[in-house]
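Take a look at the structure set out below.
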Amino acid sequence: MALDRPFGVGICGLGFMGRQYFSHLREHGHARVVAVCDRDAERRAGKWADPVGNISAGDRERVDMAGIDAYDDWDALIDDERVDVVAVTLPTPTHADVTVRALEAGKHVLCEKPMALTLAECDRMIAAAERTGRTLMVAQCIRFWPQYEEIKRRIDEGQIGAVRFAALRRVSSPPGHSSGAWMMDGAQSGGALFDLHVHDVDFAQYLLGSPANLTANGSHGPSGAIDHVVATYVYNDGRYATLEGGWVYHAPWPFEMAITVVGETGTLDWSMRRGPEIAFCHGGDAPEKISVGDETGWARELDYFIACLRDGRAPERCLPATSRASIALTLRERESIAQGGVLVGVPDV
Ligand SMILES: NC(=O)c1ccc[n+]([C@@H]2O[C@H](COP(=O)([O-])OP(=O)(O)OC[C@H]3O[C@@H](n4cnc5c(N)ncnc54)[C@H](O)[C@@H]3O)[C@@H](O)[C@H]2O)c1
């Protein structure tokens, strides 16, 4: 049902991701932040002097929370009548419970990745969305990241011919920002395998489809779970992809994401370490440089989700079933790693 007013958004969790959402939706054309929830009293009062990542209150001592209801309990936020949309930017172990509860209260839900750490939890979330008829999207932001979006668009248009292989990489030193260091507890975050690498698992699936088989090697790191992985996806038609992910590089290694896709007639390549431009090699002496907008994928993803709600259409670019499939693939990688890198089949995910 279309609304004749901006969607009321309730943000659960005001850490790194919650602040991204807050910044973009505070003054959005079609949405308003009407409620926030955090167990940290200073954070929900808008005192963001402690930077998480590079998101702080800036020069101001406090973020203006006027007109926004603040809760210490996500259950209470969900029951707030002004909230139409619940954004779940809480640590991963809460994702399934908060999402299911919000859907059952009649709210739409945008839940951060990874969807959950088990398929049973993913299934619970999907069943709740189906039962209630509310919209659920998992925030797989790389599908909306301008460089990744542009590379996929050009490939889909045939600009590099048939794809031969892709290489995706996402590495950093251990993240230090998470509240109570929950990310460094593999039981909560799933390690870099689920927290970081799942972005590339999801994008590989979006770009190339689900592989027939995969192998993965990896190692445990500071979280106690798998914190570094190198996986190879193999497709029945001869295509393959390598995916490296992890947070075991030593400080001050910067966060880095990169993608290279080689087709029959051209290569598309982007690394954030080189700058914002994509390099397109298709003959000649120098790569063609492709500029994309400087918006983040987070902002674009939020705009897309809100636009889907306004139009009353399913967010087809990022369906709960494909987010579940990314968890299924990540679990298969973990099985391969546990067996020393054996080839594992990928049953219908
Ligand atoms: N899409 C991306 O690029 C990206 C980047 C970072 C994190 N994430 C994901 O976003 C989610 C949140 O990560 P983060 O980095 O923002 O974590 P964070 O630790 O920075 O923030 C979590 C916030 O939730 C609050 N909180 C924790 N448990 C709570 C509870 N039970 N009730 C109320 N408040 C509670 C904490 O006080 C904190 O403010 C995770 O699932 C993570 O994987 C996604």
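Numbering of ligands and ligand atoms starts at 1, following listing order.
Nearest to atom 8 (N) of ligand 1 by heavy atom, out of Gln20, His199, Met17, is Met17. With atom 22 (C) of ligand 1 as the reference point, the heavy atom nearest to it among Ser179, Ala181, Gly297 is part of Ser179. Counting only non-hydrogen atoms, the option in Asp40, Thr296, Leu90 that gets closest to atom 30 (C) of ligand 1 is Leu90.
Per-residue contacts place Pro114 under 4.0 angstrom from the following atoms of ligand 1 (heavy atoms of the residue considered): 43 (O). Close contacts of ligand 1 with Thr92, meaning ligand atoms under 4.0 Å from a residue heavy atom, involve 40 (C), 41 (O), 43 (O).
By the 4.5 Å heavy-atom criterion applied to side chains, Arg143 and Gln205 are counted as neighbours.
For ligand 1, the polar-atom distance check finds no N/O of Trp74 at less than 3.5 Å from any of the ligand's N/O atoms. Considering both main-chain and side-chain atoms, Glu112 comes within under 3.5 Å of ligand 1 through a nitrogen or oxygen pair. Taking any N or O of Trp298, backbone or side chain, at least one lies under 3.5 Å from an N or O belonging to ligand 1. Residue His95 has at least one N or O atom closer than 3.5 Å to an N or O atom of ligand 1. Polar contact with ligand 1: absent for Met183 (N/O pair, distance under 3.5 Å).
For the residue pair His30 / Asp303, no side-chain donor-acceptor distance below 3.5 Å is found, with atom types taken as modelled.
Contact annotation: for Thr89 versus ligand 1, heavy atoms closer than 4.0 Å belong to the backbone alone. Contact annotation for Asp195 and ligand 1: only side-chain heavy atoms (C-beta onward) come within less than 4.0 Å of the ligand. Looking at Cys141 against ligand 1, only its side chain comes within 4.0 Å, counting heavy atoms.
Annotation for Thr92 and Gln188: closest pair CB-O, 3.7 Å, computed over non-hydrogen atoms. When every heavy atom of Ser291 is checked against every heavy atom of Glu277, the shortest pair comes out as OG-OE2, 3.5 Å.
Using cut-offs of 30° and 60° on the angle between ring planes, the pair Phe203 and Tyr206 is perpendicular.
The cationic atom of Arg44 (NZ for Lys, CZ for Arg) does not lie both less than 6.0 Å from the six-membered ring centre of Trp74 and within 45° of the ring axis.
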Using the side chain to side chain contact (heavy atoms under 4.5 Å, CB included) rule, take Tyr233 and Leu208 through it: C-alpha gap first, then chi angles, then the decisive distance, then the call. CA-CA 10 Å; Tyr233 287 12; Leu208 305 171; over 6 Å; no
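More than 12 non-hydrogen atoms from other residues, nucleotides or ligands lie less than 6.0 angstrom from CG of Asp311.
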